[in-house]
A.B. asks: 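For reference, the structure I am asking about is given below.
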There are 2 protein chains.
Amino acid sequence: MVVVYTEANGQLERSDTRKEDIFRAASSLFSIRGYQATSVRDIARELDLQGGSLYSHVASKEDMLWEIVSRAADAFLTTVQPIAASREPAPARLTNMIAAHIEIVVARLSQATVFFQDWRHLGDDRRNEIIRRRDAYEALYRQVIADGIAAGDLRNIDPKLAAIALLSALNGLPGWYRSDGPWSNSDLASGYADLLLAGLLRGPSGDEKAT
Amino acid sequence: MVVVYTEANGQLERSDTRKEDIFRAASSLFSIRGYQATSVRDIARELDLQGGSLYSHVASKEDMLWEIVSRAADAFLTTVQPIAASREPAPARLTNMIAAHIEIVVARLSQATVFFQDWRHLGDDRRNEIIRRRDAYEALYRQVIADGIAAGDLRNIDPKLAAIALLSALNGLPGWYRSDGPWSNSDLASGYADLLLAGLLRGPSGDEKAT
DNA sequence: CCTACCGATCGGTAGG
DNA sequence: CCTACCGATCGGTAGG
């Protein structure tokens with residue numbers, strides 16, 4: 001068995017390359033067809049294996065889904081959490097949080113797609129764990145928005161509604177982003193962040209003078 | 001066979017009540033578990049029927065999905081199109097478009113959820129038709145935003161990016177909206193519309209004075 | 001990692 | 001609308 005070390009969830013993790021191949025093939029197929037519409041045989045075929053052979057490396061189809069969803073949830077949380085906790089003003093923190101989120105989506109498009117689209121197909125315990133992490137992620141945005149309102153930097157809007165609207169816009173990204181689309185990744189991140197932030201900012205919005 | 005007339009897609013349509021029962025049960029189950037994870041037997045059980053009995057009323061499982069998705073797509077298009085084409089200023093049109101969209105989601109929550117979540121499981125022809133209608137719907141928003149920029153009412157941002165961001169935020173609604181949630185429907189519509197529009201407006205954003 | 005198999009469930013149909 | 005069935009496919013396993 002070939003063993004390498006790959007970075008996942010911010011820490012080094014021992015894993016064999018075959019398992020990573022399975023992870024990538026499953027991410028790709030789940031993201032395109034959806035978890036339920038993808039059979040274990042589909043994944044095996046992608047790797048030129050026979051159907052049952054996958055089970056030398058993974059214990060169940062749901063384990064593959066869990067691996068994808070759980071890693072994606074961790075990527076968002078562990079990357080954005082320190083930004084939310086930094087000492088910068090709320091608007092700057094939000095801009096950086098949005099940019100970091102978009103970067104993860106772009107860098108791991110199929111995993112992010114599966115995360116947003118198929119987490120409900122996990123078993124009860126794992127699904128609840130993901131809901132917990134999603135709530136924690138939403139709370140990061142809610143808190144920074146509340147900070148910004150308290151500091152007078154943001155309009156006096158409902159932080160929960162604002163966080164939901166912002167995250168909804170971000171969560172839609174995997175649905176339409178294409179690497180060969182009309183925007184470069186940095187144009188996309190800055191344009192998107194500007195747009196979402198402008199709705200929250202107090203005073204003149206964006207690059208235009210007040211009338 | 002009992003025959004009634006129900007309003008669908010803005011026009012009267014002949015249909016028997018049993019078929020409407022099936023439509024509602026399928027919408028509910030598809031929205032909760034997803035199309036692929038819902039069996040024809042699940043739908044039959046919800047209506048106290050035997051598995052095969054559904055096929056007296058519908059020709060295939062995919063036909064049920066098509067009925068739901070196609071009606072939802074039509075509801076959005078036919079409701080919002082006249083608003084987009086009205087002679088009001090772009091910001092007022094956008095506000096009304098957003099409110100109308102939210103109203104449809106709230107009034108037909110399970111159908112809207114299935115529409116956004118399961119349209120990819122349609123066969124090729126029907127899926128392409130839905131993509132066509134989604135593009136047309138997006139074009140309505142893109143055009144009004146472009147109008148607003150040309151008239152100097154909106155900031156000079158990329159209309160396509162703005163339309164996508166706006167619609168992504170709206171499309172996320174079925175994922176978190178609950179009728180017993182903390183906001184009344186009108187609070188939700190106005191708060192959400194205000195938030196999304198503020199990011200586009202030129203000059204002082206929303207209810208605060210410019211600094 | 002393969003061959004060969006398991007029971008369960010799937011969408012759909014025939015005949016009444 | 002039911003009973004009884006169809007072939008196909010599913011996730012998963014035993015034994016090598």
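To find a chain, count down the sequence lines: A is the first, B the second, and so on, and within it residues start at 1. Quick note: numbers below take in every heavy atom, side chains included, and nothing from hydrogens, waters or symmetry partners.
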A.B. asks: Using whole Å, what does the distance between atom C1' of nucleotide C:dG11 and atom NE2 of B:His57 come to?
C.D. replies: 18 Å
A.B. asks: Can you find a side chain N or O atom of A:Ser39 that sits less than 4.0 Å from OP1 or OP2 on D:dC10?
C.D. replies: yes
A.B. asks: Students often mix this up, so state it plainly: with edges at 30° and 60°, are the rings of A:His101 and A:Tyr141 parallel, tilted or perpendicular?
C.D. replies: perpendicular
A.B. asks: Taking 4.0 Å as the cut-off, does a side-chain nitrogen or oxygen of B:Tyr55 come that near to OP1 or OP2 on C:dT13?
C.D. replies: no
A.B. asks: What is the separation between atom CD1 on A:Ile43 and atom P on C:dC1, rounded to the nearest whole Å?
C.D. replies: 15 Å
A.B. asks: Please give, in whole Å, the distance from D:dG12 P to A:Leu54 CG?
C.D. replies: 11 Å
A.B. asks: To the nearest Å, give me how far apart CG (A:Asp42) and P (D:dG12) are.
C.D. replies: 14 Å
A.B. asks: B:Tyr35 vs B:His121 aromatic rings, parallel, tilted or perpendicular, using cut-offs 30° and 60°?
C.D. replies: parallel
A.B. asks: From CG of A:Leu29 over to C1' of D:dC10, roughly how many Å is that when rounded to an integer?
C.D. replies: 16 Å
A.B. asks: For the residue pair A:Trp119 and A:Leu65, establish whether any side-chain heavy-atom pair is separated by less than 4.5 Å.
C.D. replies: no
A.B. asks: With a 6.0 Å cut-off (strictly less than), is the heavy-atom count around CG of A:Asp125, excluding the residue itself, greater than 12?
C.D. replies: no
A.B. asks: Between A:Gly51 and B:Gln50, who's closer to the 5' end of DNA chain D by nearest nucleotide?
C.D. replies: B:Gln50
A.B. asks: Could you label the plane-to-plane angle of the A:Phe116 and A:Phe76 rings as parallel, tilted or perpendicular, counting under 30° as parallel and over 60° as perpendicular?
C.D. replies: tilted
A.B. asks: For the side chain of B:Lys61, counting heavy atoms from C-beta on, which of C:dG12, D:dC1, D:dC10 is nearest?
C.D. replies: C:dG12
A.B. asks: Return the 5'-most residue of the pair A:Ser53, A:Arg41 with respect to DNA chain C, ranking by each residue's nearest nucleotide.
C.D. replies: A:Ser53
A.B. asks: Working to the nearest 0.5 angstrom, can you tell me the gap between A:Ser168 OG and B:Tyr192 OH?
C.D. replies: 4.0 Å
A.B. asks: What is the distance, rounded to the nearest whole Å, between atom CG of A:Asp63 and atom P of D:dT13?
C.D. replies: 11 Å
A.B. asks: Grab the CG-C1' distance between B:Leu47 and D:dC1 for me, whole Å please.
C.D. replies: 12 Å
A.B. asks: What does the 5'-to-3' dot-bracket notation of DNA chain C look like when only Watson-Crick and G-U wobble pairs under 3.5 Å count, and pairs to other strands show as |?
C.D. replies: ||||||||||||||||
A.B. asks: From the list D:dC1, D:dG12, C:dT3, which nucleotide is the closest neighbour of the side chain of A:Ser60?
C.D. replies: D:dG12
A.B. asks: Can you establish whether the number of heavy atoms outside A:Glu103 located under 6.0 Å from its atom CD is more than 12?
C.D. replies: no
A.B. asks: Would you mind reading off the distance between B:Arg45 atom CZ and C:dG11 atom P, rounded to a whole angstrom?
C.D. replies: 11 Å
